[in-house]
Amino acid sequence: MTAMVELRAASKAYQGVPAVQAVDLEVQRGERLAIIGPNGAGKSTLFGMIAGEHRPTEGSVWFNGKDVTTHHSSRRARAGISRTFQVARLMPTMTVRENLFLAALTGQRQGIRFWDALSTRPDVTEEAEAAMVAAGLADLSDVLASSLAQGARKTLEMAMAVVQKPTLLLLDEPTAGMGYDDARIATKQLGALLEERREMTIILTAHDMEVIHSLAERVVLMANGKVVLDGSPQYVADHAVTKELYLGRGAS
Amino acid sequence: MTTIGRRFPVVTRSGVHVLIGFAVVAVLMPVFFGGSPLFTWTTAAVWVLFAMSTSVLFGWTGLLSFGQAAFFGIGAYTMALIHENRPETPGLVMLLAAALVAAVVAAVFALFALRTSGAEFAILTLVLAQVLWLLTYRVSWLKGEDGFHGLFSVNIISNPLTSDLDLWYYTIAVVGFCVWLLWLLHRSTAGMAMRAVRDDPWRSAALGINVRRVQVCAFAVSAALSAVAGALLAQGQGVVSPGMLSFAISGEILVACLIGGMSRFGGPILGAIVLIWSQTLISNLLHDSSMFVGLLLLVIVIALPQGLVSLPGRVRNRRRASGPPSIPPAPTGSLADESVPDGSPVSAGDEEALR
Ligand SMILES: Nc1ncnc2c1ncn2[C@@H]1O[C@H](COP(=O)(O)OP(=O)(O)O)[C@@H](O)[C@H]1O
Ligand SMILES: [Mg+2]
């Protein structure tokens with residue numbers, strides 16, 4: 001069986017400065033992969049190459065057995081890739097509810113039409129409402145996204161990604177910017193989601209070892225734009241290289 | 001409800017109210033105003049359509065065009081050329097033709113111009129309008145400075161328009177219909193996609209929206225309705241000249257949008273009416289009203305950055321007097337400036353990613 005996602009010697013340089021260097025990576029359907037590594041390791045850039053925001057300077061990206069290297073991000077999104085950003089990106093002039101409508105709509109084939117009013121798509125609006133309640137955002141439904149607190153922004157963005165019903169979900173530091181308690185709750189919710197949506201392939205990046213232990217089945221350690229380790233959470237966590245990278249810097 | 005009713009949900013309560021309000025205005029206007037003031041109202045109605053169509057691009061989709069007069073002019077010249085060759089053509093057919101020509105020109109232009117971004121795009125629209133303006137002088141059958149005259153006696157369907165009153169009914173009906181179409185677009189799922197593209201094109205792409213397609217469609221719709229406005233004006237005033245393609249017109253229509261504000265659907269309607277009436281009233285007193293219009297804009301931009309439509313909300317907030325009024329972010333076409341703690345630029349993506 002072909003892998004769902006495949007990077008073949010993918011590299012990305014920003015103005016000649018390498019951020020990701022010749023990474024080979026295969027992710028199977030249904031896998032739960034965590035990518036860890038210190039800041040600047042290239043995790044977000046790797047996500048950008050998979051989702052299509054960044055075109056690799058060398059190498060290729062494959063999705064479901066197809067070379068998608070030249071496909072732009074909107075095409076890849078329509079092919080079933082949804083993502084969140086390290087710093088949540090929402091539609092600032094839309095309310096929480098509208099952001100979710102938009103996501104539910106764009107998650108559908110033929111979701112956007114000139115002749116369809118939103119009120120004629122109860123299927124979409126109901127889905128969005130349900131997602132809003134499930135994410136605990138019902139109280140904030142009419143609040144503009146631009147005035148949400150950091151934690152709520154992350155929660156909303158994740159709910160948007162999920163309501164799109166992707167086959168591949170990319171979560172870039174899902175608990176970044178949250179307080180300790182919020183992060184705990186978010187991790188728990190994420191765990192429940194992962195259980196519920198077994199068919200969904202999920203790649204996430206994180207710093208927090210606890211998050212990784214509770215969510216991931218496989219862990220990839222990146223440093224300086226390269227894959228250093230690839231294995232079970234236990235294997236990677238216990239490895240001397242990991243300890244050196246993390247403990248050496250005093251990070252969690 | 002019928003399928004049509006579900007697809008075009010206009011038979012809502014507020015929809016009926018708006019329809020009744022519109023009908024009352026259309027019928028009563030001639031009762032209170034006659035002669036020259038009625039003609040000013042007719043002109044204002046045309047500018048309402050022009051401002052609304054500009055707002056589709058500028059306010060809804062976040063694309064700034066400095067050359068919206070290009071499509072206004074294309075509409076007017078299309079109408080004039082049809083009139084010259086086949087004067088018996090029904091007026092509504094001329095409007096339709098104007099819309100089609102402008103939409104095609106706009107779509108082709110946008111496919112190329114949108115490869116650039118932001119400021120460059122705005123400049124290209126300006127270049128388009130200037131090139132068309134030059135063409136009217138260089139191409140003999142466009143008649144240069146003289147332009148076209150005597151375009152009156154347009155048949156609506158079969159009867160000619162013979163009075164200011166007829167012209168008012170004809171104009172307000174066409175404008176009303178077009179604004180209704182825009183309202184449907186505004187509340188459609190495509191309208192939502194346009195807002196998303198305005199808010200954050202990169203994020204929209206990541207959600208799966210074909211940003212380029214949304215922008216091209218918005219451009220074509222905007223151009224088509226601007227052309228209808230141009231053709232309507234030509235039919236009403238009987239004159240088409242290069243002035244309709246001038247930068248002054250492109251600027252004025254942006255001013256109308258800014259005066260009214262684009263955070264609400266009705267903003268540009270208000271803006272166009274205020275602009276046309278203040279121009280008319282002032283030019284009765286002074287020779288040149290442009291100074292005044294400039295001042296008006298300045299005052300509004302400073303006192304009411306969200307335009308006149310935001311006035312009621314402002315007043316209500318002031319009444320409540322509970323702290324400073326909350327101002328929603330301005331959808332002025334600029335991208336949202338989010339601060340990014342980790343220092344990476346917001347539009348962290350490659351140029352080609354949107355293509
Ligand atoms: N948009 C960008 N422009 C220039 N350099 C960037 C950009 N994004 C990331 N980088 C650089 O690329 C490297 C990898 O960054 P990133 O992928 O964000 O790492 P991580 O997500 O692991 O912290 C860093 O050195 C960073 O400074
Ligand atoms: Mg990162």
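Order of the sequence lines fixes the chain letters, A, B, ..., with proteins taken first and strands second; residue numbering starts at 1 for each chain. It should be emphasised that the depicted structure is a prediction, and the values quoted were computed from it without experimental measurement.
- Residues from residues 158-168 of chain A that place a non-hydrogen atom less than 4.5 Å from a non-hydrogen atom of chain B comprise M160(A), Q164(A), given in numerical order.
- Looking at H72(A) and V211(B), their side chains never come closer than 4.5 Å, going by heavy atoms from C-beta outward.
- Every residue meeting the side-chain hydrogen bond (donor to acceptor under 3.5 Å, both in side chains) condition with R97(A), not counting sequence neighbours, appears here in chain and number order: E129(A), D142(A).
- Taking 4.5 Å as the limit, some side-chain heavy atom of L102(A) sits within range of a side-chain heavy atom of I209(B).
- The environment of R75(A) atom CZ is sparse: at most 12 non-hydrogen atoms of other residues, nucleotides or ligands sit within 6.0 angstrom.
- When every heavy atom of R203(B) is checked against every heavy atom of R89(A), the shortest pair comes out as NE-O, 2.7 Å.
- If you take OG1 on T189(B) and CD on Q108(A), they are separated by 10.0 Å, rounding to the nearest 0.5 Å.
- For the pair M91(A) and R195(B), the minimum side-chain heavy-atom distance is 4.5 Å or more.
- Scanning all heavy atoms of the two residues, the minimum distance from E53(A) to A206(B) falls at OE2-CB, 3.4 Å.
- Atom CG of N224(A) has 12 or fewer heavy atoms from other residues, nucleotides or ligands within 6.0 Å.
- For S188(B), the side chain to side chain contact (heavy atoms under 4.5 Å, CB included) test picks out L185(B), A190(B), with sequence neighbours left out.
- Evaluation of the ring-ring contact (aromatic ring centres under 6.0 Å, His included) rule for F219(B) yields F71(B), F109(B), F121(B) as partners, not counting sequence neighbours.
- Proximity to chain B is limited to the side chain of L105(A), based on heavy atoms less than 4.5 angstrom apart.
- In this structure, the separation between CE on M192(B) and CD1 on I112(A) is 9.5 Å, given to the nearest 0.5 Å.
- For the residue pair N210(B) / S74(A), no side-chain donor-acceptor distance below 3.5 Å is found, with atom types taken as modelled.
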